[in-house]
Structure formats: C-alpha cells, structure tokens
Amino acid sequence: DARIVLLNRELADELGLDADALASDDGAALLAGMSAPEDARPIAQAYAGHQFGGFSPRLGDGRALLLGELIDRRGQRRDLHLKGSGRTPFSRGGDGKAVLGPVLREYLIGEAMHALGVPTTRALAVVTTGERVVRAGGPKPGAILARVASSHLRIGTFEFLSARRDHERVRQLVDYAIRRHDPHLMDAEDPALELLKAVRGRQAKLVAQWMGVGFIHGVMNTDNTTISGETIDYGPCAFMDGFDPETVFSSIDHHGRYAYGNQPSILNWNLARLAEALLPVVKAPDQETAIEIATAEVEAFGAIFLREWEQVMCAKLGLSEVRDGDGRLAGDLLDLMAADTVDFTTTFRALAEALRGGRSALEALFAGSDPIDAWYTRWTARLEASGDEPAARADAMDRVNPVYIPRNHLVEEALDAAEEELDLEPARRIHAVLAEPFTRRSGLDRYAEAAPTDFGPYVTYCGT
Ligand code: AMP
Ligand code: MG
C-alpha cells in the first residue's frame, strides 16, 4: 500500500523528472521498489567498513537498492537509491526495512543540510508502505526513503575489494571513482594517491562545515564516509543546542567515539583506512615506500582541516580572510561558549546583532560576563583592522549563520506525530522553515529557539 507522503518537487525537477508523474500511483510503486523503470537494472552494492573501529569485511546494502543513475539538468550523474525497500543478499539477519521516524529524520536533516550549503545526499521522497515493521519499542509504520547521491561509493567500497586482495578490482574502482568524481585526474601519474588526496580535501571541507553548524553525524564509520564528500546515511544524527564538544546523541555511542569534537580526528582515522585499502595500487617501488607515501598524505589532513575550519569560523565571525591568530580568536569564543553551554546557533546571530548596536541578546546568552566582554573587544578590534563597514559585516555573518536549524525537540515532535498518528504536517512545516535557514521570518520564533530546559537529555537511535 505504497503512498508518497513527502515529495521533493524541486529536486525532482532538478533531476529532470516529472513531479506529477512521480506523485501518481505508478510513481509510488517505483519509489517503493515495487516496479523498476523499463531500462533500469537495480542493484544492491557491496561494501565493507570499520564500524566503531572494528572491521566488517561484508556489509553492503542490506536494506537499500540502487535503482539506477540519472543525468540531471546540469549534466551531473546522480544515483537514485531506495532505503528500506526490502531484503537483499547483504541483509544478514535484518529485515531490509526502514520505519517512518528515521526515514523522516533523514529527509528533514538532509534537506536542512542542503539549505545550509553543506554537501549532502538529497531526499527525493518518503513513501509509507502500509506495513507495520517490528522494532524495539513495538511495531512502527514502515517507510522507504528515495534518495539521490552523486554516487554511493564509500571508503568501505574500497575496503571491500582490498580486504579480498582483489587488487585488479581496486584499480578498476579507483579509475571508476576518478571518472565519476575527479575526471581531471584521469591522466594522473599515480591515480590512487591523487584520489586519496581529493577525498581528503573534500572530506576536510565537509567536516569543517559540519563543525560550523554544530552538526553531529553520530556514526562516522568508514562505510558512512563517501568518496564524493557528501554527507551520507543520516542515522542518529542531530544538531547541538548548547555548545559542548563532548556532545553525543547516539544511543549506541557509549564511549563518545563520534562526539562533536572528535569528528575531525575520526575523519583522519577513516582516511587512514582508505589509504590502507589503496596501498596495493599506490605507485611505489615496494610496499614500504607505498606506506611512507600514503602515510604522509594521511598525516597532512590535520593542517588541511585546520585551514578549512579557520575559513568556516572566520566567515561565521564576519572576517572575509583568515589571518594569523584568527583560529585562536574563534577557539577562545568556543571555550567561553563551552564554559556555559551557550546555544551554538543563536550565539553567532547575537554577535551580528551586537555589531548593529543591539547587545541584549549576546548579554542574555552569556549572562553579561566579563570574559565575553573582553573577547568582544578583541573581536571588534580585529574587525576594525579588516576595514569593512560593521553593518556589511553583520549582513555577511547572517548569510552564513542560520537562524533556523533542525531543533531536536521539534524534530522529535514531528517524528512522533508521524509515527503515532501518521500526521506529516509538523514535518512539512519544519521542512518549509528549514528551506530558508538564514532569513528570519515573523511567526517562526518557536523554530529559532533552543529546547525548553525540561527537554532532554536527547538520545537518538539508528532505527536499524
Ligand atoms: P547504517 O547504520 O544504516 O549505515 O547501516 C549499517 C549496515 O547495516 C548497512 O550495511 C545496512 O544495509 C545494514 N542494515 C541496517 N538496517 C538493516 C535492516 N533493517 N535490514 C538489513 N540490513 C540493515
Ligand atoms: Mg550506512
């Protein structure tokens, strides 16, 4: 009993698909995996992965199906993929299904990330199946997410072939990935090493952007780390309210491996796993030299990430270029925020307001403490040295610092309404608000506010 309950018409259009046709019964059957387009040959993809540090040689699409590829209106090749469409050869003990709450979370958070300018897979549709799917806590409405990605290649895809010592196929996969994501590297001297560097650059940028919006992925396993540099597999993810680098929301992350503040070093760790998988095909006279070459590239991540992070933070602080000491300036602000678990998102809007002459929001957040005054003086001195008009700077800040993020308590409310009463209205409203995260609109204060103090501690689940 497939029904489309959310359809991303704008994305359908971008893909060159007819949204009205997709919204029909035939479209629902297609997006539920009950029928395939005539010329499509759907597949489940194999991959391996390091999960919480431990290696699983065979994961793969256990509840997902790659329907096929499309060339979008800009000429880009995109995967159309169904998540929750039933069992595959990779399902292991699982039922191959997904339930409405987690599917909606992926839709809402993924689309919010897109609107925030963060590279991400996109959500095309949520389809309910009419089935009740058994999960911890009782049966839940079954659902399928139709998602779109620039590819579904993961670090784990390389690990899969490399662990089987299928070096010829690792080489083929490197060529394929380069053709798909980095065609300018096609004639590179050492394609595997160049691919490693390209992934390093994209992922450094991506994680810096996550840090800049307070996003916590929650399951940064190597099978959830893309070659494209898009955020993928929104499971127990969430945005931080009060700033605390140790924040963890996932129910299964007992040791805080994937805490907010650990995300850059985990990415570095994941890149080391990619490097290992590529070792046999890195150009070098012997394995020892290959290891040395690859290690140097992995170790360069820290400095590359730092540059990306400083750029993100400088933009958030109204600084158009990074100068010496700016990283420290940003870091000191974060320390002050952490000391009082000040709301991450509202702080940066309050700073812009302060530049316009309204200090009350900032004072309310930091309880008018002396340290924030001292920091503010340093910051404004640095801004003055850069020479722009304060009002122009404040406007530039407002273009990168959102008013609206997917607030945990509101997402939870929307997921509950959907799962318990099949009421999708709260989800649709959140989606509409988050489509324009940088523009404050009247009547939407509720969506801009931090969770009420009696909400939490917030715990998220994978929904697997
Ligand atoms: P995820 O945490 O969603 O990225 O999934 C990790 C692995 O578990 C992937 O290989 C999934 O395909 C698999 N998986 C998750 N849920 C199910 C399920 N209900 N049935 C079969 N496989 C699943
Ligand atoms: Mg995954």
Side-chain angles (χ1 to χ4, degrees), residues 6 49 51-53 62-64 83-84 94 97-114 116 118 120-121 123 126 133-138 140-143 145 147 207 210-211 213-221 223-225 231-263 266-267 341 343-345 404-420 424 426-427 430-431 434 447 450-464:
L6 284 178
Q51 302 181 304
F52 288 90
R63 53 164 169 171
K83 189 163 169 180
K97 289 169 184 169
V99 296
L100 187 53
V103 164
L104 261 186
R105 186 195 300 282
E106 176 151 357
Y107 191 104
L108 291 177
I109 309 238
E111 288 305 293
M113 293 283 269
H114 172 71
L116 288 167
V118 182
T120 177
T121 61
V126 173
V133 175
V134 178
R135 287 290 180 269
K140 299 267 164 50
L145 179 76
R147 81 173 170 198
V207 175
W210 289 359
M211 303 304 277
V213 292
F215 174 75
I216 302 168
H217 182 283
V219 220
M220 285 179 71
N221 295 332
D223 51 302
N224 293 336
T225 306
T231 312
I232 199 169
D233 279 359
Y234 293 88
C237 61
F239 281 68
M240 194 167 47
D241 285 324
F243 183 69
D244 173 1
E246 290 179 18
T247 304
V248 171
F249 294 116
S250 168
S251 65
I252 56 171
D253 192 357
H254 305 295
H255 302 289
R257 178 180 172 91
Y258 299 139
Y260 172 84
N262 283 353
Q263 297 185 121
I266 288 293
L267 205 280
T341 31
D343 188 75
F344 186 81
T345 304
Y404 308 110
I405 55 159
R407 292 282 179 182
N408 299 326
H409 60 297
L410 300 178
V411 170
E412 213 47 36
E413 191 183 276
L415 268 45
D416 281 350
E419 282 206 326
E420 280 159 32
L424 275 293
I430 291 185
H431 181 227
L434 296 178
Y447 293 89
T453 44
D454 61 354
F455 178 79
Y458 188 50
V459 180
T460 53
Y461 302 88
C462 291
T464 53

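Nothing here was measured: the structure is a model prediction, and the numbers come from that model. All values below were derived from every heavy atom in this structure, side-chain atoms included, with hydrogens, water molecules and symmetry-related copies excluded.
Distance CZ/Arg135 to NZ/Lys140: 9.0 Å, rounded to 0.5 Å. Rounded to the nearest 0.5 Å, atoms CD1 (Ile405) and CG (Asp241) are 5.5 Å apart. With values rounded to the nearest 0.5 angstrom, Met113 atom CE is found 9.5 Å from Thr121 atom OG1. Residue Ile430 holds its CD1 atom at 8.0 Å from CG of Leu415, rounded to the nearest 0.5 Å. Rounding to the nearest 0.5 Å places CG of Leu104 at 9.0 Å from CG of Leu145.
The shortest side-chain heavy-atom distance between Pro406 and Leu434 falls under the 4.5 Å cut-off. At a threshold of 4.5 Å between non-hydrogen side-chain atoms, the residues Ile216 and Val248 do not count as touching. Residues His431 and Leu108 are in side-chain contact: their nearest non-hydrogen atoms beyond the backbone lie under 4.5 Å apart. Using a 4.5 Å heavy-atom threshold, the side chains of Val219 and Pro236 count as touching. Val207 is not listed as a side-chain neighbour of Ile266, based on a closest heavy-atom distance of 4.5 Å or more. By the 4.5 Å heavy-atom criterion applied to side chains, Val103 and Lys83 are not counted as neighbours.
Screening residues 250-261 for salt bridge (charged side-chain N to carboxylate O under 4.0 Å, His left out), with sequence neighbours left out, gives no hits.
When all heavy atoms of Gly49 and Asp223 are compared, the pair lying nearest together is CA-OD1, 4.1 Å. Of all non-hydrogen atoms in Ala414 and Ala427, the two that sit nearest each other are CB-N, 3.7 Å. Closest heavy-atom contact between Val133 and Gly142: CG2-CA, 3.7 Å. Closest approach of Arg63 to Ala98, counting heavy atoms only: NH1-CB, 3.8 Å. Among all heavy-atom pairs drawn from Ala238 and Asn408, the shortest one is CB-OD1, 3.4 Å. Contact between Asp233 and Arg147 at its shortest, heavy atoms only, is OD1-NH1, 2.7 Å.
The backbone N or O of Asn221 lies less than 3.5 Å from no partner atom in the side chain of Gln51, so there is not a single donor-acceptor pair. One N or O on the side chain of Gln263 and one on the backbone of Phe215 form a donor-acceptor pair closer than 3.5 Å. Formation of a donor-acceptor pair under 3.5 Å by the Asn224 side chain with backbone atoms of Ile232 is not found in this model.
A search for salt bridge (charged side-chain N to carboxylate O under 4.0 Å, His left out) contacts involving Asp343 returns Arg407, not counting sequence neighbours. Partners of Thr345 according to the side chain to side chain donor-acceptor pair (under 3.5 Å) rule, which considers only residues two or more places apart in sequence or in another chain, do not exist here. Glu412 is linked by a salt bridge (charged side-chain N to carboxylate O under 4.0 Å, His left out) to Arg105, counting only residues two or more places apart in sequence or in another chain. Applying the side chain to side chain contact (heavy atoms under 4.5 Å, CB included) rule to Asp244 yields the partners Glu246, Thr247, Thr341; only residues at least two apart in sequence or on another chain are considered. For Thr231, the side chain to side chain donor-acceptor pair (under 3.5 Å) partners two or more places apart in sequence, or in a different chain, are Trp210. Take Leu116 and apply the side chain to side chain contact (heavy atoms under 4.5 Å, CB included) test, not counting sequence neighbours, and it matches Val118, Val213, Phe239, Pro402, Pro437, Phe438. Here Glu413 pairs with Leu410, Arg446 under the side chain to side chain contact (heavy atoms under 4.5 Å, CB included) rule; sequence neighbours left out. Residues that satisfy the ring-ring contact (aromatic ring centres under 6.0 Å, His included) test with Phe249, not counting sequence neighbours, are Tyr458. Residues forming a side chain to side chain donor-acceptor pair (under 3.5 Å) with Tyr107 (at least two apart in sequence, or on another chain): none. Qualifying side chain to side chain contact (heavy atoms under 4.5 Å, CB included) partners for Val459, counting only residues two or more places apart in sequence or in other chains: Ser251, Tyr461. Considering only residues two or more places apart in sequence or on other chains, His114 meets the side chain to side chain donor-acceptor pair (under 3.5 Å) condition with Arg122.
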Dump the intermediate steps for side-chain contact (heavy atoms from CB on, under 4.5 Å) on Met211 and Tyr260, then the final yes or no.
CA-CA 7 Å; Met211 303 304 277; Tyr260 172 84; 3.5 Å; yes
Start with the C-alpha gap between Phe243 and Phe344, add the side-chain angles, then the distance that decides, and say whether ring pair (Phe, Tyr, Trp, His ring centres under 6.0 Å) holds.
CA-CA 5 Å; Phe243 183 69; Phe344 186 81; 5.8 Å; yes
